[in-house]
Amino acid sequence: MPIFAGNWKLQKNPAQTRAFFKEFVARSGDLKLKSEGNASLSAAQAAKPGMVKPPENVVVFFPPAPCWEASAESLKDSPIQWGGQNIYIQNSGAFTGENSPQTLAEMGAKFALVGHSERRQLFHEGDDFLSMKVNALQSLGLTPVLCIGESLSQRENKETETVLLHQLTKGLEKASKEKPIIIAYEPVWAIGTGKVATEDQVRDAHLFIEGKLRHLGFQKIPILYGGSVKAENSKGLLKIPHVDGFLVGGASLDVDSFLAICRSNLHA
Ligand code: 13P
């Protein structure tokens, strides 16, 4: 069952966060969300070591760090999950401006994004650093959402598979196969541009990623698609094999548009 994730990027303040969640929680009763979040994953893994069971029917938001507290308070009695957009590899110390993964976990988050293309491009985060973030999150029981994707020039130069394989292999270098992890495929050229990848492009990329994950020894890892996902294209995209949900930017900022995406699998 799908995972619908909303990445708010640097948008909304705490008051807007509270107002959004008040409305979203009140209107999301029909989404049939799994209430235990990834706590149920631990139970599944304890029963079958080495088998990672993907989370099911999950809605998760990634608000900016100053909105973590508002998110934790607004969502504490709801099955809706939340996570951090970016964390550091240490829990505490002299690291001015960074976010502690331990604090994130203590506040009740279950997930964090790692290696979003904006972190890679604008903040020069490299694969080695990102693999340490994956490790730091898994060590605390948080689920990393490792983002990978090619740029337009890489696609035009037919380097898509090389780039995806590199980002996947390096990003997972320090990852545990027994702990939950999610991959988000976000072609950089489709982010915030309105240019959604064609269904064939998404099918090819997800098939490639799924095969490589299996080759690397990672079983049943959810693979999300991200890049200009809207209610108008989400139903079609969700039918593609190995598309296990979405990482949504712009359309997750509005209750109506994100609810419509979260309902993509409810009304065939
Ligand atoms: P858009 O949905 O606005 O294209 O953003 C995608 C994204 O970057 C999600 O992480």
Side-chain angles (χ1 to χ4, degrees), residues 2-12 16-17 20 24 58-65 67-68 71 80-87 99 104 109-125 130 133-134 137 142-152 154-155 160 163-164 167-168 171 181-199 201-202 205-206 209 222-238 240 243-264:
I3 299 166
F4 300 104
N7 174 13
W8 284 357
K9 310 192 179 184
L10 191 50
Q11 252 104 213
K12 295 196 192 291
Q16 291 164 334
T17 298
F20 179 98
F24 193 89
V58 170
V59 169
V60 50
F61 287 92
F62 294 93
C67 301
W68 285 1
S71 303
I80 295 161
Q81 310 277 334
W82 66 281
Q85 292 175 14
N86 177 43
I87 54 94
N99 299 316
L104 184 69
K110 297 281 191 286
F111 300 85
L113 301 180
V114 176
H116 190 280
S117 62
E118 287 148 19
R119 299 297 315 170
R120 292 177 190 263
Q121 288 186 333
L122 303 173
F123 303 99
H124 311 293
E125 294 192 1
L130 297 175
K133 293 191 179 202
V134 167
L137 288 163
L142 291 160
T143 300
V145 181
L146 177 66
C147 305
I148 61 173
E150 80 287 359
S151 66
L152 184 58
Q154 287 166 334
R155 175 161 282 273
T160 299
V163 171
L164 296 182
Q167 292 180 344
L168 209 52
I181 186 162
I182 295 170
I183 303 297
Y185 168 60
E186 299 203 303
V188 179
W189 48 272
I191 294 178
T193 57
K195 281 187 206 157
V196 67
T198 65
E199 293 191 3
Q201 287 170 329
V202 176
H206 280 241
I209 293 165
I223 308 170
L224 313 184
Y225 170 76
S228 297
V229 174
K230 308 263 177 294
E232 297 77 52
N233 55 30
S234 60
K235 262 190 193 171
L237 288 166
L238 202 55
I240 298 171
V243 172
D244 302 308
F246 302 120
L247 183 54
V248 183
S252 71
L253 294 166
D254 174 76
V255 173
D256 285 328
S257 64
F258 196 56
L259 269 178
I261 292 171
C262 295
R263 290 182 178 129
S264 304

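Atoms within a ligand are numbered from 1 in the order they appear, just like the ligands themselves. Throughout, residue positions are numbered sequentially from 1 according to the sequence presented.
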- Check whether any N or O atom of Lys9, backbone or side chain, sits under 3.5 Å from an N or O atom of ligand 1, and answer yes or no. yes
- Query: What are the two closest non-hydrogen atoms of Gly226 and Pro187, and how far apart are they?
  - Reply: O-CD, 3.3 Å
- Classify the ring geometry between Trp68 and Trp82 as parallel (under 30°), tilted (30 to 60°) or perpendicular (over 60°). tilted
- Task: Could you tell me which non-hydrogen atom of Ala260 sits nearest to which non-hydrogen atom of Ala231, and how far apart they are?
- Result: CB-CB, 3.6 Å
- Message: Taking 4.0 Å as the limit for heavy-atom contacts, which would you say applies to Ile191 with ligand 1: side chain only, backbone only, both, or neither?
- Response: both
- Item | Distance (rounded to the nearest 0.5 Å) between Ser264 OG and Lys230 NZ | 13.0 Å
- Task: Looking only at non-hydrogen atoms, find the nearest pair between Leu137 and Pro144 and report the distance.
- Result: CD1-CB, 3.9 Å
- Message: Considering non-hydrogen atoms of the protein only, which is the closest contact for atom 2 (O) of ligand 1, and what is the distance?
- Response: Gly249 N, 2.9 Å
- Message: Parallel, tilted or perpendicular, judged at 30° and 60°: which one describes the rings of Phe246 and Tyr225?
- Response: perpendicular
- Who's the nearest protein heavy-atom neighbour of atom 9 (C) of ligand 1, and how far? Glu186 OE2, 2.9 Å
- Out of His116, Lys195, Lys230, indicate the one that has the non-hydrogen atom closest to atom 10 (O) of ligand 1. His116
- Query: Is it true that Ala251 lies under 4.0 Å from ligand 1, counting heavy atoms only?
  - Reply: no
- May I ask you to identify, for Ser252, whether its side chain, its backbone, both or neither come under 4.0 Å of ligand 1 on a heavy-atom basis? neither
- Quick one: closest heavy-atom pair of Ser252 and Trp8, and the distance? O-NE1, 3.0 Å
- Message: Tell me the protein heavy atom at minimum distance from atom 3 (O) of ligand 1, and give that distance in Å.
- Response: Gly250 N, 2.9 Å
- Atom indices of ligand 1 within 4.0 angstrom of Gly192 heavy atoms, with elements: 1 (P), 3 (O), 4 (O)
- Query: Hey, is ligand 1 close enough to Leu247 that some N/O pair sits below 3.5 Å?
  - Reply: no
- Ala190 heavy atoms, cut-off 4.0 Å: which ligand 1 atoms fall inside? 4 (O)
- For the atom pair CG (Leu224) and CG (Leu247), what is the distance rounded to the nearest 0.5 Å? 6.5 Å
- Does an N or O from Glu118, backbone or side chain, lie closer than 3.5 Å to an N or O of ligand 1? no
